[in-house]
Each structure stands twice: as structure tokens, then as C-alpha cells.
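Structure, as C-alpha cells:
Residue numbers start from 1 in every chain, and the chains themselves are labelled A, B, ... in the order their sequence lines are given, proteins ahead of strands.
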Protein chains: 2
Amino acid sequence: MARPRKFDRAEMLRRAMELFWRYGYEGTTLNDLTDAMGINRPSFYAAFGSKRMLFEEAVALYDSTAGAPASRAVIEAPTARAAVEGMLRANASACAEVGNPPGCMIVLSATIGSPDSEEVRRHLSEWRVRGQHQLRDRLRRAIADGDLPSGADPDGLAAFYTAVLEGLSIQARDGASAAVLHGIVDRAMAAWDALTTPAPR
Amino acid sequence: MARPRKFDRAEMLRRAMELFWRYGYEGTTLNDLTDAMGINRPSFYAAFGSKRMLFEEAVALYDSTAGAPASRAVIEAPTARAAVEGMLRANASACAEVGNPPGCMIVLSATIGSPDSEEVRRHLSEWRVRGQHQLRDRLRRAIADGDLPSGADPDGLAAFYTAVLEGLSIQARDGASAAVLHGIVDRAMAAWDALTTPAPR
DNA sequence: TGGGTTTTATACTGATCCGAACATAACGCC
DNA sequence: GGCGTTATGTTCGGATCAGTATAAAACCCA
């Protein structure tokens with residue numbers, strides 16, 4: 001029994017995600033957001049609370065859409081190797097997809113900036129660390145399954161492959177093509193046997 | 001025959017570098033800079049021209065100081081393998097050095113942001129690409145020297161190891177210790193033989 | 001000790017930042 | 001059709017952004 005809003009909140013969240021993805025948290029202004037949404041500020045605040053709350057929602061949306069294939073690969077792939085490669089391939093493809101902002105939103109959109117936004121950066125950092133832990137847990141499970149030798153080091157492997165994943169985003173921002181990114185993945189995967197058999201070091 | 005400035009320009013440039021390194025280009029304000037330098041705005045503009053000019057000078061200083069060991073390794077190491085490992089080790093150590101801002105300034109300080117600063121980001125991107133090309137050229141030379149087999153792919157290898165290098169900085173921002181970063185380097189180097197002998201793919 | 005030059009210091013510019021106040025307009029229910 | 005509720009549009013607020021105008025102060029040389 002009240003006036004209904006005349007914009008599609010989900011669609012506006014999607015547009016916000018795109019802006020944050022392209023320009024980062026601090027690089028996106030409230031005017032950018034309301035302009036892209038075609039709404040004005042009171043509507044914005046009523047619908048999303050604040051810039052920061054919107055950003056956190058946008059990150060969650062990113063994770064469940066553009067970022068989903070990589071996460072899914074980690075969880076659903078039948079082997080540890082397929083999990084890692086699937087994660088990297090999905091990320092490489094997404095990072096270079098034409099029409100989308102280059103690179104991964106979770107990696108890039110708040111890595112550095114003014115002290116005012118430190119909480120936002122920590123929030124995003126937690127997403128990255130969580131992803132790394134999911135990968136580590138998947139590798140642990142692979143050891144339990146006998147898929148990986150017991151000498152393999154899940155933490156070290158997860159750190160290495162996450163670092164490669166993160167490097168892909170910087171490379172994408174620097175203009176690397178999908179072919180180049182997949183070449184990087186090729187090489188990361190070529191290391192697999194050396195990294196997983198006996199003692200990596 | 002004029003009033004001498006009463007601050008050490010080189011020292012102030014060093015302080016500016018530290019701020020840009022820690023907070024990035026857009027995350028550092030003119031007030032931050034002048035406060036850290038202990039000077040006021042007219043002195044700032046007389047000495048450094050503009051925020052952007054100062055940033056570019058600060059990047060050059062970074063490259064010639066904190067970034068120098070990595071560059072030097074690429075140029076001076078006796079073998080391709082030592083060049084790559086030296087670059088990564090130097091970077092891993094610098095990224096986790098206590099007292100310094102975590103991560104590499106060239107990788108992190110302007111990867112994303114408002115359209116207003118696009119030129120600054122391009123400028124920094126050129127530094128990154130230049131580093132990658134120096135590595136590639138070093139690998140080409142190694143092939144010419146017979147240090148690497150002729151089937152090795154300098155471009156692909158340079159892209160891969162640069163991606164790892166860039167990933168180190170994100171990991172450092174996320175709190176990775178020097179030990180973790182060097183573990184990542186261990187794994188990147190464990191891949192060396194697989195990546196350089198016969199056909200990497 | 002005075003003249004010329006450059007650096008200081010204070011204050012200000014217009015623009016933009018995120019967020020909020022205000023009154024008006026559109027809806028469902030009684 | 002009036003009422004309560006919510007969304008809308010316009011406008012404002014204090015803070016901060018990068019950069020500058022104006023004037024006073026400090027130096028070297030003569």
C-alpha cells in the first residue's frame with residue numbers, strides 16, 4: 001500500500017557491479033552510479049543504503065555470476081588438476097572477455113587506496129583469501145582421496161596458483177589477449193607434475 | 001642570488017614515493033603529500049610541478065631503488081634461469097619487507113581508478129610492459145647464447161613469470177609473509193625445466 | 001645596507017566528494 | 001475519495017579535491 005519503485009533493483013545492481021568492476025571502488029562516484037542507474041540520490045540510498053553496502057552487494061553478485069565458473073571448477077572438478085586448471089581457464093576467459101571490464105573484480109577493484117576505504121579493501125581481501133582457502137581445501141581433499149600424493153603441499157600450491165590467478169588480472173589490464181592469458185595458464189599447468197609429485201622442494 | 005629552499009627535494013621525493021607506494025596515485029592526496037613533506041602548496045608546485053609529475057618522478061625513483069634489485073637480476077644474471085629466479089626473489093623480498101608498503105609500487109599503485117587518471121595508469125602500465133619486455137629480451141639472448149633451447153618461447157615465458165611477479169604483490173597486500181612469497185617463487189622455479197625444454201605446449 | 005630574485009605563508013578558487021533534508025507525487029487500502 | 005506509506009525530484013551541506021593568487025619573508029650580491 002505504497003508507491004512502488006519504478007526501477008529494477010536487480011538490474012541497477014548489475015550496472016553498479018559493472019562500474020565498480022571497471023573503475024574500482026574509489027574510482028566510481030555516486031554520480032557515476034546514479035547516472036548509470038538513471039535514478040537520483042534518495043532513491044539510491046533507499047535502495048542500497050550506501051556506496052559501501054552497494055559495493056559489497058556488487059562483489060557478491062560478481063562472485064555469483066562472472067566469478068562463478070572459476071569457483072565452480074574448484075568445487076566440482078573431478079580431480080585436483082582439473083580443479084586448478086578449470087579455475088585458471090575460467091578466469092583467463094573472463095578476464096579477457098570483450099565487453100566486460102578487463103581483469104577480475106575481486107582481484108582489482110579495491111587493492112589499494114585511501115585509508116578511508118581500508119575496510120572495503122579488507123572486505124575484498126577476505127574474498128580473495130577465501131578463494132585461496134577453498135582451493136587449498138580442495139587440494140587437501142584430493143590428498144585424502146589419493147588423487148594427490150600425500151607429500152603435496154596444499155597451502156603452497158594454493159598460494160602459487162592463486163598468485164598466478166591474480167597475475168592474470170594485471171596482465172589483462174595491461175592489454176593481454178585471451179590467447180596470452182591462456183598461454184600463462186598453459187605454463188602454470190605445465191608445472192603441475194613437478195609441483196605435486198614427491199617433494200616440491 | 002635568491003632565497004634558497006629550506007627542504008631537501010630528494011628527501012621529499014622519497015617521502016612522496018612512500019605515500020604513492022602505500023596508498024596509490026589516487027589514494028594519495030595533495031594534503032597527504034605536503035603534510036608528509038612539511039611544506040606548503042606553493043612550494044610543492046614550484047618543486048614538483050603537479051601531482052602527476054611528482055608521481056612519475058616517484059615511480060622512476062622506485063624503479064631505481066626498491067625495484068632495482070629485480071631489474072638488475074634480469075640484466076646481470078649469468079643464466080636465464082638465474083635471471084628469472086633473481087627477479088622473483090628480489091621482488092618477493094621487497095614485497096614483504098617490513099617497514100615498506102606491501103607489494104610492488106609499479107604493480108599496484110595505479111591499476112584501476114577513475115577515468116580522470118587514465119593517463120597515469122597507462123604510464124604505469126608501460127613500466128610493467130617494459131619490464132616484461134626486458135625479461136623477454138633476456139630470454140631471447142639466452143636462446144642466442146645456447147643457454148636456452150631454441151624451442152623455448154621467450155614471450156610466453158616472460159608473460160608467465162611476469163604474471164607470477166604481479167601475483168606476488170597482491171598476495172603481499174593480502175598479508176602473505178616473505179616465506180609464503182618465496183614459496184610461490186619456489187614453485188614457479190620448479191616449473192622451469194618443464195617450461196623451457198622441448199615444447200612448452 | 002639596499003636591490004633583485006626566489007621561496008615561503010595564508011587564503012582562496014571552482015569543482016567534486018558522499019550523504020541528507022525537504023517537499024511533492026504515486027500507489028493500495030479503507 | 002481521503003489516508004498512510006513509500007518513492008521521487010530538487011536542493012543543500014560540510015568536507016575535500018587539485019591547483020593558484022597575492023603578499024610577506026629570506027637570501028646573495030653589490
Give me the first and last nucleotide of DNA chain C, going 5' to 3', that has any atom under 4.0 Å from a heavy atom of chain B.
C:dG4 to C:dT10

Identify the pairs formed between an N or O of the protein and an N or O of nucleotides 2-5 of chain D at a distance under 3.5 Å, and give each distance.
| from | atom 1 | to | atom 2 | distance (Å) |
| --- | --- | --- | --- | --- |
| D:dG4 | N2 | A:Met1 | O | 2.9 |

Between CG of B:Leu139 and OH of B:Tyr161, what distance do you get to the nearest 0.5 Å?
9.5 Å

Does B:Ile112 offer a backbone N or O that forms a donor-acceptor pair with the side chain of A:Arg173 under 3.5 Å?
no

Where is the tightest heavy-atom contact between A:Leu181 and A:Gln171, given as atom of each residue plus distance?
CD2-CB, 3.8 Å

Mind listing the closest non-hydrogen atom pair of A:Gly183 and A:Arg187 along with its distance?
O-NH1, 2.9 Å

Quick one: list whatever passes side-chain contact (heavy atoms from CB on, under 4.5 Å) with A:Ala82, sequence neighbours left out.
A:Ala77, A:Pro78, A:Thr79

Using ring-ring contact (aromatic ring centres under 6.0 Å, His included) as the criterion, list what pairs up with A:Tyr45, not counting sequence neighbours.
none

Per the under-4.0 Å heavy-atom filter, residues of residues 5-15 of chain B near DNA chain C come out as B:Arg5, B:Lys6, B:Phe7

Salt bridge (Lys or Arg N to Asp or Glu O under 4.0 Å): which pairs involve residues 12-25 of chain B, sequence neighbours left out?
B:Glu11-B:Arg14, B:Glu11-B:Arg15, B:Glu18-B:Arg22

Taking only N and O in the side chain of A:Ser43, is any of them less than 4.0 Å away from OP1 or OP2 of D:dA7?
no

The helix from C:dT1-D:dA30 to C:dC30-D:dG1: angle between its terminal axes, five pairs each, to 10°?
10°

I would like to know whether A:Arg140 and A:Asp155 meet salt bridge (Lys or Arg N to Asp or Glu O under 4.0 Å); could you show each step before the answer?
CA-CA 9 Å; A:Arg140 284 182 179 165; A:Asp155 284 283; 3.7 Å; yes

Who passes side-chain hydrogen bond (donor to acceptor under 3.5 Å, both in side chains) against B:Arg41, sequence neighbours left out?
B:Asn31

Could you tell me whether the side chain of A:Thr162 reaches within less than 4.5 Å of the side chain of A:Glu166, counting heavy atoms only?
yes

Is the ring pair B:Phe160/A:Phe160 parallel, tilted or perpendicular, if the boundaries are 30 and 60 degrees?
perpendicular

Validation: residues 117-125 of chain B side-chain donor-acceptor distances under 3.5 Å, sequence neighbours left out:
| from | atom 1 | to | atom 2 | distance (Å) |
| --- | --- | --- | --- | --- |
| B:Ser117 | OG | B:Glu26 | OE2 | 2.4 |
| B:Glu119 | OE1 | B:Arg52 | NH1 | 3.0 |
| B:Glu119 | OE1 | B:Arg52 | NH2 | 3.2 |
| B:Arg121 | NH1 | B:Ser114 | O | 3.0 |
| B:Arg121 | NH2 | B:Gly113 | O | 3.4 |
| B:Arg121 | NH2 | B:Ser114 | O | 3.0 |
| B:His123 | NE2 | B:Trp127 | NE1 | 3.3 |
| B:Ser125 | OG | A:Asp174 | OD1 | 2.9 |

Closest approach of A:Val74 and A:Ala83, non-hydrogen atoms and distance?
O-CB, 3.9 Å

Under 4.0 Å, counting only non-hydrogen atoms across every strand here, what does B:Thr34 touch: a base, just sugar-phosphate, or nothing?
nothing

Show every ring-ring contact (aromatic ring centres under 6.0 Å, His included) that has at least one partner inside residues 58-113 of chain B, sequence neighbours left out.
B:Trp21-B:Tyr62

Can you tell me which residue pairs pass the salt bridge (Lys or Arg N to Asp or Glu O under 4.0 Å) test with a partner in residues 60-79 of chain B, sequence neighbours excluded?
none

Polar pairs (N or O, both sides) under 3.5 Å between protein and nucleotides 19-23 of chain D?
| from | atom 1 | to | atom 2 | distance (Å) |
| --- | --- | --- | --- | --- |
| D:dG19 | OP2 | B:Tyr45 | OH | 3.0 |
| D:dG19 | OP2 | B:Lys51 | N | 3.2 |
| D:dG19 | O5' | B:Tyr45 | OH | 3.1 |
| D:dG19 | N7 | B:Arg41 | NE | 2.8 |
| D:dG19 | N7 | B:Arg41 | NH2 | 3.1 |
| D:dG19 | O6 | B:Arg41 | NE | 2.9 |

When all nucleic acid strands are considered with a 4.0 Å heavy-atom cut-off, which category describes A:Thr28: base, sugar-phosphate, or nothing?
sugar-phosphate

